[in-house]
Amino acid sequence: MYWGLIVVFIVLAFWLHNRYSSSSEDYPALETDPNDPLLLQAVAEAKASLDEFKSLYRQFPKDAFVKLDFESDCGVSEHLGAHVEGIKGDEISVFLVTPPVTHQGKLAHNYTCHFDDIEDWQITDKEGNIYGGFTQRAMFAIAEREGVELPRELQEMQGKYV
């Protein structure tokens, strides 16, 4: 249940990132197994395409988002959404959109991580096309597989992935 809530929270963060703010209707969260083969494959695809992420980031630096594997000071692995603010070598400066739940110490929203910490990435170009977002696409596929009808806003977003 805990991991399912984290995955749902990450999906929501991706959605909010794309919409920034909206007056859309509320809808129930989709609970998923973090070991679902579609999600595991999505993370593998995201990690394998980090060179594409870097290239796209150089073209569209204002709308880059990553999902990070973060280990809290309690030793718990969490999955955090973050807006990318800059890349320097193997380090990425991000603004944490989803703060960790289990972390006890202070942690600023401005955070520096490494490419190895990225579980997924997403970049939107000037025309609104979305690149990456492998776990979001997996969530769409899981919803379809489970017979869950996506809200109109998410159906519209789904059509923007290239």
Side-chain angles (χ1 to χ4, degrees), residues 1-70 78-87 92-101 109 111 113 115 117-162:
M1 174 81 174
Y2 177 74
W3 287 109
L5 290 174
I6 289 175
V7 170
V8 168
F9 197 70
I10 295 300
V11 169
L12 181 60
F14 269 107
W15 181 76
L16 288 172
H17 170 70
N18 281 310
R19 299 280 297 171
Y20 290 104
S21 65
S22 126
S23 59
S24 65
E25 299 172 16
D26 291 334
Y27 51 90
L30 177 64
E31 289 191 35
T32 58
D33 177 358
N35 293 314
D36 187 297
L38 290 175
L39 286 174
L40 295 175
Q41 179 183 352
V43 171
E45 289 177 22
K47 287 182 170 288
S49 62
L50 287 173
D51 285 340
E52 179 183 3
F53 166 73
K54 291 175 189 176
S55 176
L56 286 166
Y57 179 78
R58 285 191 289 275
Q59 296 174 54
F60 310 106
K62 296 199 187 276
D63 200 1
F65 195 78
V66 292
K67 182 173 100 173
L68 303 173
D69 183 11
F70 172 84
E78 295 194 38
H79 310 279
L80 309 180
H83 185 268
V84 178
E85 296 186 331
I87 296 175
I92 306 166
S93 299
V94 299
F95 181 84
L96 296 175
V97 175
T98 53
V101 176
H109 283 281
Y111 181 74
C113 60
F115 275 94
D117 299 323
I118 296 176
E119 294 182 320
D120 198 3
W121 59 270
Q122 179 173 301
I123 293 181
T124 304
D125 68 16
K126 294 175 184 175
E127 288 79 35
N129 299 308
I130 304 171
Y131 300 85
F134 300 96
T135 56
Q136 181 74 359
R137 295 179 202 211
M139 294 297 288
F140 291 146
I142 291 167
E144 183 177 331
R145 180 186 73 201
E146 301 294 324
V148 176
E149 184 176 341
L150 294 173
R152 181 183 49 80
E153 293 95 344
L154 292 179
Q155 289 175 10
E156 290 172 6
M157 182 195 306
Q158 187 178 20
K160 295 180 180 182
Y161 284 90
V162 293

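Only a predicted model underlies this, so the values are computations on that prediction, with no experimental measurement involved.
- Contact of the Leu39 side chain with the Ile142 side chain is registered, since non-hydrogen atoms from C-beta on lie closer than 4.5 Å.
- Val66 has its side chain within reach of Val94: a pair of non-hydrogen atoms, C-beta onward, lies under 4.5 Å apart.
- Comment: Lys47 does not engage Asp117 in a salt bridge, judged by the lack of any side-chain N to carboxylate O separation of less than 4.0 angstrom.
- Considering CG of Asp120 and OG of Ser49, their distance stands at 8.0 Å, rounded to 0.5 Å.
- Remark: side-chain polar atoms of His109 are paired, donor with acceptor, to backbone N or O of Leu96 under 3.5 angstrom.
- For the pair Arg137 (side chain) and Gly132 (backbone), a donor-acceptor distance under 3.5 Å is present.
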Quiz prompt | Tyr161/Gln122 under side chain to side chain donor-acceptor pair (under 3.5 Å): CA gap, chis, key distance, verdict | solution = CA-CA 10 Å; Tyr161 284 90; Gln122 179 173 301; 3.1 Å; yes

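- Within the 4.5 Å cutoff, no side-chain heavy atoms of Leu40 are placed close to those of Pro37.
- The NE2 atom of His83 sits 9.5 Å away from atom NZ of Lys62, with the distance rounded to the nearest 0.5 Å.
- Ion pairing between Arg152 and Glu156 holds under the 4.0 Å rule for side-chain N and carboxylate O.
- Within a 6.0 Å sphere centred on CD of Glu144, other residues, nucleotides and ligands contribute 12 heavy atoms or fewer.
- Lys54 forms a cation-pi arrangement with Phe115, by the criterion of a distance under 6.0 Å to the ring centre and an angle within 45° of the ring axis.
- By the 4.5 Å heavy-atom criterion applied to side chains, His79 and Leu68 are not counted as neighbours.
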Practice problem: In sequence, state the C-alpha distance, the side-chain angles, and the governing distance for Ile87 and Phe53, and then conclude on side-chain contact (heavy atoms from CB on, under 4.5 Å). | Solution: CA-CA 11 Å; Ile87 296 175; Phe53 166 73; 3.9 Å; yes

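- Using a 30° and 60° split on the angle between ring planes, Phe70 and Tyr111 fall in the perpendicular class, above 60°.
- Expressed to the nearest 0.5 Å, how far CE of Met139 lies from OG1 of Thr32 amounts to 4.0 Å.
- With a 4.5 Å cut-off on side-chain heavy atoms, Leu80 and Pro100 count as touching.
- Inter-residue side-chain proximity for Gln158 and Ile130 is flagged as unmet; no heavy-atom pair is nearer than 4.5 Å.
- Of all heavy-atom pairs spanning Val162 and Tyr131, the tightest one is CG2-CE2, 3.0 Å.
- In this structure the side chain of Thr135 never reaches within 4.5 angstrom of the side chain of Glu119, judged on heavy atoms.
- Taking OH from Tyr57 and CD1 from Ile123, the interatomic distance works out to 8.5 Å, rounded to the nearest 0.5 Å.
- To the nearest 0.5 Å, atom CZ of residue Phe134 and atom CD of residue Gln41 are 10.5 Å apart.
- With rounding to the nearest 0.5 angstrom, the CG atom of Leu50 is 12.5 Å from the OG atom of Ser55.
- The environment of CD in Glu149 is sparse: at most 12 heavy-atom neighbours from other residues, nucleotides or ligands sit within 6.0 Å.
- A side-chain donor-acceptor contact under 3.5 Å links Thr98 to the backbone of Gly81.
- No side-chain heavy atom of Lys67 sits less than 4.5 Å from a side-chain heavy atom of Trp121.
- Side-chain N or O atoms of Gln155 include one that pairs as donor or acceptor with a backbone N or O of Leu150 at under 3.5 Å.
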